[in-house]
Amino acid sequence: IPLPISDPEGNKHYYRVDFFVNSADTKRWRSAFHTIPTGTDLREVYISRWEDEGLWVHFDYSQMELRVLAAISGDENMLDAFKRGLDLHRYVASRIYRIPMEEVSSHQRKIAKGASFSLVYGQTPSGFALEYTDGDVSEAQRIFDSFFQSFPRVKDYINLYRSMARTYGHVPTIFGDWIDVQRSKPDWERRAQNYPIQSSSSSVAALAGYEITMESLTRGLLAVPVAFTHDALDYDVHARYLLSFLEIVYRVAREVPLRYGIFADIEVEIGTSFYGGLALHPEAGEEDKRVFGVSGKKFVFERVLERLKRF
């Protein structure tokens with residue numbers, strides 16, 4: 001947990017946060033805030049440095065690992081699904097079960113989602129079967145085979161990266177830096193296909209966070225990065241600059257991944273502490289206005305609205 005630095009009068013505690021890039025084998029970024037348990041009142045004590053004039057903004061990349069998988073493998077079908085903004089899990093289910101997307105059931109979508117992430121994390125058909133097909137390994141293998149038939153470049157990616165790991169002991173990320181897969185460990189093949197995806201997802205988010213921060217500083221916005229967990233970032237933002245800051249976030253967070261062929265999307269929340277906030281849902285508005293729908297707890301909405309009213 002971040003260590004506090006008290007002010008001279010001892011009434012406030014300011015937290016200095018360190019950001020780490022090499023603290024995990026996967027080379028995922030993280031900050032000290034990562035250790036604070038989620039969903040607990042402990043997060044309520046971490047508030048804005050601007051107190052009742054500040055807001056906490058959190059944004060998280062949606063399905064980032066699968067989006068990176070599409071880019072790093074170059075699979076045209078998966079890339080096209082993200083480019084068109086389709087529900088990927090429903091799309092995968094329609095390919096696995098060979099039915100139209102509108103006919104996919106919630107159960108079939110769940111199976112497809114499980115298959116996608118199982119392949120990202122290198123799970124075996126037998127492991128997948130225990131969780132999704134009542135132990136039927138042959139059905140699990142059929143689902144995996146159908147997935148690879150629909151997305152053949154994903155299979156090519158897995159084979160290529162396992163081969164590189166077998167030969168060199170390390171594999172590259174989407175940026176070209178290398179990750180040691182620790183060949184001495186029995187699960188090195190799983191690491192070979194998963195680590196580049198985890199690292200790339202986190203590093204792309206870190207680069208976006210850096211550019212968001214620098215543009216905010218250049219424009220004189222009071223916005224400070226305070227937490228980073230895998231591919232999610234948190235900022236302390238003065239309420240006066242919230243809308244300007246959100247404009248930067250929505251633009252830059254999509255522009256940066258696109259440079260690397262990643263069709264990314266984000267989910268944004270705003271609140272008054274690290275505890276959590278209102279989910280924002282961008283809607284169509286007039287040309288010079290951005291309109292948001294919101295969802296979340298009433299008391300959080302009232303707190304946020306009260307602070308925004310002042311500006």
Side-chain angles (χ1 to χ4, degrees), residues 24-26 28 38-39 60-162 165 171 181 185-202 229-232 262-265 267 279:
D25 292 341
T26 57
R28 266 182 168 181
T38 59
D60 189 357
Y61 278 94
S62 172
Q63 301 177 338
M64 191 57 164
E65 290 175 334
L66 293 176
R67 295 173 189 272
V68 169
L69 174 62
I72 205 169
S73 68
D75 189 272
E76 295 179 356
N77 291 332
M78 192 174 286
L79 284 169
D80 183 62
F82 283 124
K83 187 176 182 179
R84 292 161 57 192
L86 300 178
D87 178 337
L88 180 71
H89 303 312
R90 189 171 296 279
Y91 175 72
V92 171
S94 73
R95 303 295 295 257
I96 289 177
Y97 295 102
R98 305 184 191 284
I99 57 176
M101 286 184 61
E102 57 271 17
E103 295 181 12
V104 171
S105 68
S106 58
H107 177 69
Q108 289 170 328
R109 184 183 183 279
K110 178 183 177 181
I111 295 293
K113 180 179 180 180
S116 297
F117 282 106
S118 293
L119 291 168
V120 166
Y121 283 92
Q123 190 175 36
T124 63
S126 57
F128 178 82
L130 290 174
E131 189 171 355
Y132 291 99
T133 62
D134 295 325
D136 188 340
V137 178
S138 61
E139 173 62 10
Q141 186 63 60
R142 186 200 70 77
I143 291 171
F144 277 26
D145 291 343
S146 182
F147 182 99
F148 288 134
Q149 289 173 7
S150 299
F151 308 101
R153 296 292 295 274
V154 173
K155 181 66 171 179
D156 293 342
Y157 157 77
I158 292 173
N159 290 336
L160 174 62
Y161 272 58
R162 287 186 174 185
V171 289
V181 301
K185 296 187 177 181
D187 63 343
W188 65 268
E189 288 187 324
R190 179 190 64 80
R191 294 167 180 258
Q193 70 187 68
N194 173 249
Y195 277 18
I197 295 172
Q198 288 197 45
S199 176
S200 299
S201 300
S202 191
T229 306
H230 304 329
D231 54 20
I262 303 169
F263 296 96
D265 199 10
E267 297 172 350

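Because only heavy atoms are used, hydrogens play no part in the values below, and waters and symmetry mates are left out as well, while side chains stay in.
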Asks: Do you know which two heavy atoms are closest between Ile143 and Phe128, and how far apart they sit?
Replies: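 Closest pair (atom of Ile143, atom of Phe128, distance): CD1-CE2, 4.0 Å.
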
Asks: Just to verify, what does Ser118 make a side chain to side chain donor-acceptor pair (under 3.5 Å) with, not counting sequence neighbours?
Replies: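 For Ser118, the residues satisfying side chain to side chain donor-acceptor pair (under 3.5 Å) (neighbours in sequence not counted) are Gln123.
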
Asks: Have Asp136 and Ser138 got a donor and an acceptor in their side chains that come within less than 3.5 Å?
Replies: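 Distance-only check passes for Asp136 and Ser138.
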
Asks: Among residues at least two apart in sequence or on other chains, which ones pass side chain to side chain contact (heavy atoms under 4.5 Å, CB included) with Ala71?
Replies: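 Side chain to side chain contact (heavy atoms under 4.5 Å, CB included) check on Ala71 returns Ile174, Ile262.
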
Asks: For Asp75 versus Pro152, what's the shortest heavy-atom pair and its separation?
Replies: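 Scanning both residues completely, I find the closest heavy atoms to be OD2-N, 3.3 Å.
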
Asks: For the residue pair Leu119 and Phe151, establish whether any side-chain heavy-atom pair is separated by less than 4.5 Å.
Replies: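 With C-beta onward as the side chain, the pair stays apart.
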
Asks: Could you walk me through whether Tyr61 and Asp265 pass the side chain to side chain contact (heavy atoms under 4.5 Å, CB included) test, one step at a time?
Replies: CA-CA 6 Å; Tyr61 278 94; Asp265 199 10; over 6 Å; no

Asks: Run the side chain to side chain donor-acceptor pair (under 3.5 Å) test against Glu131 and tell me which residues pass, sequence neighbours left out.
Replies: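 Per chain and number, Glu131 pairs via side chain to side chain donor-acceptor pair (under 3.5 Å) with no residue.
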
Asks: Of the non-hydrogen atoms in Thr133 and Glu139, which two are nearest, and what is the gap between them?
Replies: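 Here Thr133 and Glu139 meet closest at CG2-CG, 3.9 Å.
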
Asks: Determine the minimum heavy-atom distance between Pro196 and Val171, stating which atoms define it.
Replies: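 Shortest heavy-atom separation between Pro196 and Val171 comes out as CG-CG2, 3.5 Å.
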
Asks: In Å, rounded to the nearest 0.5 Å, how long is the span from CG of Leu79 to OG of Ser73?
Replies: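 It is 6.5 Å, given to the nearest 0.5 Å.
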
Asks: Using modelled atom types and a 3.5 Å cut-off, is there a donor and acceptor pairing between side-chain atoms of Ser199 and backbone atoms of Tyr195?
Replies: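 No, Ser199 side chain to Tyr195 backbone: no donor-acceptor pair under 3.5 Å.
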
Asks: How far does OG1 of Thr124 sit from CD of Gln141, to the nearest 0.5 angstrom?
Replies: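 Those atoms lie 9.5 Å apart.
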
Asks: We want to know whether Glu65 and Tyr121 form a side-chain donor-acceptor pair, criterion being a heavy-atom distance below 3.5 angstrom.
Replies: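 Yes - a donor-acceptor pair under 3.5 Å links their side chains.
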
Asks: Under the 6.0 Å and 45° cation-pi test, does Lys155 pair with Phe148?
Replies: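 Here Lys155 passes the 6.0 Å and 45° test against Phe148.
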
Asks: Charged N to carboxylate O below 4.0 Å: is that the case for Asp187 and Arg190?
Replies: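 Judged by the 4.0 Å cut-off on N to carboxylate O distance, Asp187 and Arg190 do form a salt bridge.
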
Asks: To check you understand the geometry: which heavy-atom pair defines the closest contact between Ser94 and Pro100, and what is its length?
Replies: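 Smallest interatomic distance, heavy atoms only, reads CB-C, 4.1 Å.
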
Asks: Can you list everything that forms a side chain to side chain contact (heavy atoms under 4.5 Å, CB included) with Asp60? Sequence neighbours excluded, please.
Replies: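 Applying side chain to side chain contact (heavy atoms under 4.5 Å, CB included) to Asp60 gives His58, Asp231, Ala232.
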
Asks: Looking at Asn194 and Val120, would you say the former's side chain and the latter's main chain have a donor-acceptor pair under 3.5 Å?
Replies: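 The answer is yes, because a donor-acceptor pair under 3.5 Å joins these two groups.
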
Asks: Side chains of Gln149 and Asp145: donor-acceptor distance under 3.5 Å anywhere?
Replies: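 No.
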
Asks: So does Arg90 get a backbone contact from the side chain of Gln108, meaning a donor-acceptor N/O pair under 3.5 Å?
Replies: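 Here the side-chain-to-backbone pair does not exist.
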
Asks: Nearest 0.5 angstrom please: Arg153 CZ to Glu76 CD, how far?
Replies: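 So the CZ of Arg153 and the CD of Glu76 are separated by 7.0 Å.
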
Asks: Look only at the side chain of Arg67 and the backbone of Ser62, and say whether a donor-acceptor pair between them is shorter than 3.5 Å.
Replies: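 Yes, because the side chain of Arg67 sits within donor-acceptor range (under 3.5 Å) of the backbone of Ser62.
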
Asks: Are the side chains of Tyr157 and Ile197 in touch, meaning some heavy atoms are under 4.5 Å apart?
Replies: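 They are in contact (side-chain heavy atoms under 4.5 Å apart), so the answer is yes.
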
Asks: Please check: side-chain N/O of Arg109 versus main-chain N/O of Val104, any donor-acceptor pairing under 3.5 Å?
Replies: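 No, the answer is negative, given that no donor and acceptor are paired below the 3.5 Å cut-off.
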
Asks: Could you measure the distance from the NZ atom of Lys185 to the CH2 atom of Trp188? Nearest 0.5 Å is fine.
Replies: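 Answer for the NZ-CH2 pair, Lys185 versus Trp188, is 15.0 Å.
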
Asks: Closer than 3.5 angstrom, by distance alone: can the side chain of Ser146 be matched with the main-chain N or O of Ile96 as a donor-acceptor pair?
Replies: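 Yes.
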
Asks: Between Ser150 and Asn77, which heavy-atom pair has the shortest distance, and what is it?
Replies: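 Of all heavy-atom pairs spanning Ser150 and Asn77, the closest is O-ND2, 2.7 Å.
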
Asks: Would you list the pairs meeting ring-ring contact (aromatic ring centres under 6.0 Å, His included) in which at least one residue belongs to residues 77-116, sequence neighbours left out?
Replies: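 Of all non-adjacent pairs touching residues 77-116, those that pass ring-ring contact (aromatic ring centres under 6.0 Å, His included) are His89-Phe117.
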
Asks: List for me each residue that meets side chain to side chain donor-acceptor pair (under 3.5 Å) alongside Glu103, sequence neighbours excluded, and say none if there are none.
Replies: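 If we apply the side chain to side chain donor-acceptor pair (under 3.5 Å) test to Glu103, skipping adjacent residues, there are no hits.
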
Asks: Any donor-acceptor pair under 3.5 Å linking the side chain of Ser202 with the backbone of Gln198?
Replies: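 It does not hold such a pair.
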
Asks: Just do the side chain to side chain contact (heavy atoms under 4.5 Å, CB included) check on Phe147 and Val154 with the steps written out, would you?
Replies: CA-CA 9 Å; Phe147 182 99; Val154 173; 4.1 Å; yes

